[in-house]
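Since the structure is predicted, the reported quantities are computational estimates derived from the model, not experimental observations. Chain identifiers are assigned alphabetically (A, B, ...) following the order of the sequence lines, protein sequences preceding nucleic acid strands; residue numbering begins at 1 within each chain.
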Number of protein chains: 2
Amino acid sequence: MARAESTKGQTRIQREKTEQILEAALEVFSKYGFRGSTIDQIAGQSGLSKPNILYYFDGKEAIHAVLLGRLLDTWLEPLEHMSDSDTPIDEICAYVKRKLEMARDFPRESRLFANEILQGAPRILSELQGPLKTLTDEKTSLIQSWVDAGKIAPVAPYHLLFSIWATTQHYADFDVQVHAVLGDCKEDCFETAQAHLDHMFRATLRPET
Amino acid sequence: MARAESTKGQTRIQREKTEQILEAALEVFSKYGFRGSTIDQIAGQSGLSKPNILYYFDGKEAIHAVLLGRLLDTWLEPLEHMSDSDTPIDEICAYVKRKLEMARDFPRESRLFANEILQGAPRILSELQGPLKTLTDEKTSLIQSWVDAGKIAPVAPYHLLFSIWATTQHYADFDVQVHAVLGDCKEDCFETAQAHLDHMFRATLRPET
DNA sequence: CATAGTTTTGACCATATGGTCAGGAAACCC
DNA sequence: GGGTTTCCTGACCATATGGTCAAAACTATG
């Protein structure tokens, strides 16, 4: 009997196959959403048979749950890194840069998340109201303290975060639209985006002197 | 035989029922995506029977197609309104405001669009590469001319548009996340957002003197 | 109200999909 | 090599879902 949860006491095969399935599932779920994806698709993508997949996971939901579970940690990590600093504008812009790099390097994760939220976050609403809210509350306080100290312009901290999330993840989530409009540009696109966002948030945060 | 396409030569009943179905379908599709929605759900939402819905539309795809078709016009209209002006910053900020109001007043339309793009825009890619690209090319030229004339700061026009789309639609598409983080605020949320975005884009566009 | 046309429905069909299971194939251990 | 455990599969099942159809119900009109 497999159905491993933690990475404890797993055989080599269990670890490999589990990973293989999750990799394929990420590919599929991020492309078609939860309901739009089938176990057969995941089977095809991973090169395993459907029953074999169900040998390692308790069902479609379970695979999705594992992916979402891992995701939130990864997703929140850059924000956790943002901490007090003498140069808060640099600190925030570093966060923006990091977030944009994640959109470039992990577009599937971004889309998986976007799909979930778009459809009302039925499976991770509690995570949003828990860990996510806690962390954002903490960081908005930090931002507010910078505002109060006159180190950055008086912005609405929550909405600043929303703007950062929206603008960076846009390049992953709306990738098709971006490329339809831009023609094609590949990596160039992210460099230009990085410059643009850096300009935008620096301008937004620069205190009036 | 019904299956009306244009609004020409339709009976009252045909017009009413067609509208009723589209309204219900928008509700359902925007909430669950195309594959996640069933004709039965649309039937339930509209109070009609499934066969009755299929009497008016050639199938699930057809309903979705009509919704998407209508959508793009509505969606592009605010951008079309942006035209040359002595005060380009005001012009752009008016566009931002308009776009945010649409996110507030038509969140279902926004999510329908987002769902479609997220999943690779299989049904409207050509629309993106056609009308959308044409319009954005036109408007980025306009923005570029403002840059060249020194009326606004030197921003990358395409990325400016992306930022506007991303930040405004975020309030519709990621509504669940916004409210999870913010607790609750209702209309207040949009007012604060409006102020924030206005500040942000004015700062971004203000030419260095 | 009779008739022609339109609208609506219950019953039905074909396929897709999530999931199960008994038994066969590999891998592991002695 | 033999036995035990783990891994894998073909065949199968139940349900959901998109879609059809003949006939009933309704509407409009002479």
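Aromatic ring pairs are classed by plane angle as parallel below 30°, tilted from 30° to 60° and perpendicular above 60°; the pair His170(A) and Phe174(A) is parallel.
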Scan the side chains in residues 41-50 of chain A for donor-acceptor partners under 3.5 Å anywhere in the protein, sequence neighbours excluded, and list what turns up.
unit_1	atom_1	unit_2	atom_2	d
Gln41(A)	OE1	Thr38(A)	N	2.9
Ser46(A)	OG	Ile42(A)	O	2.9
Ser46(A)	OG	Ala43(A)	O	3.2
Ser46(A)	OG	Leu48(A)	N	3.3
Ser49(A)	OG	Asn52(A)	N	3.3

Please encode protein proximity along nucleotides 22-30 of chain C as a string of B, S and -, counting only heavy-atom distances under 4.0 Å.
------S--
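Within the structure, every side-chain polar atom (N or O) of Tyr55(A) is placed at least 4.0 Å from both OP1 and OP2 of dT20(C). When the side-chain nitrogen and oxygen atoms of Asn52(B) are compared with OP1 and OP2 of dT7(C), none of them lie within a distance under 4.0 Å.
Rounded to whole angstrom, the span from the CZ atom of Arg15(A) across to the P atom of dC7(D) amounts to 11 Å. One can place CD of Glu16(B) at 12 Å from P of dT27(D), the figure rounded to the nearest angstrom. If you measure from atom CD of Glu61(A) to atom C1' of dT17(C), you get 14 Å, rounded to the nearest angstrom. Per the geometry, CG belonging to Leu54(A) stands 18 Å off P belonging to dA14(D), to the nearest Å. Going from atom CD of Gln20(A) over to atom C1' of dC8(D) covers 13 Å, rounded to whole Å. Look at CD1 on Ile21(A): it is 12 Å from C1' on dC8(D), rounded to the nearest Å. Taking atom OH of residue Tyr56(B) and atom P of nucleotide dT6(C), one finds them 11 Å apart after rounding to whole Å. Rounded to a whole Å, the CD atom of Gln14(B) is 10 Å from the P atom of dT8(C).
Side-chain atoms of Lys139(A) come within 3.5 Å of backbone atoms of Glu80(A) as a donor-acceptor pair (strictly under, hydrogens ignored). A donor-acceptor pair under 3.5 Å is formed between the side chain of His196(B) and the backbone N or O of His159(A).
There is no side-chain donor-acceptor pair under 3.5 Å between Tyr95(A) and Asp90(A). Side chains of His179(B) and Tyr171(B): no donor on one and acceptor on the other come within 3.5 Å. Side chains of Thr204(A) and His199(B): a donor-acceptor N/O pair is absent below 3.5 angstrom, by distance only.
Nearest to the side-chain atoms of Pro51(A) among the listed nucleotides dG10(D), dT20(D), dC8(D) stands dG10(D).
Judged by the 6.0 Å distance and 45° axis criteria, Arg123(B) is positioned over the aromatic ring of Phe34(B).
Of all the residues in residues 34-50 of chain B, Ser37(B), Thr38(B), Ile39(B), Lys50(B) reach under 4.0 Å from DNA chain D with at least one non-hydrogen atom.
A 4.5 Å side-chain heavy-atom check between Phe29(B) and Leu67(B) finds at least one atom pair inside the cut-off.
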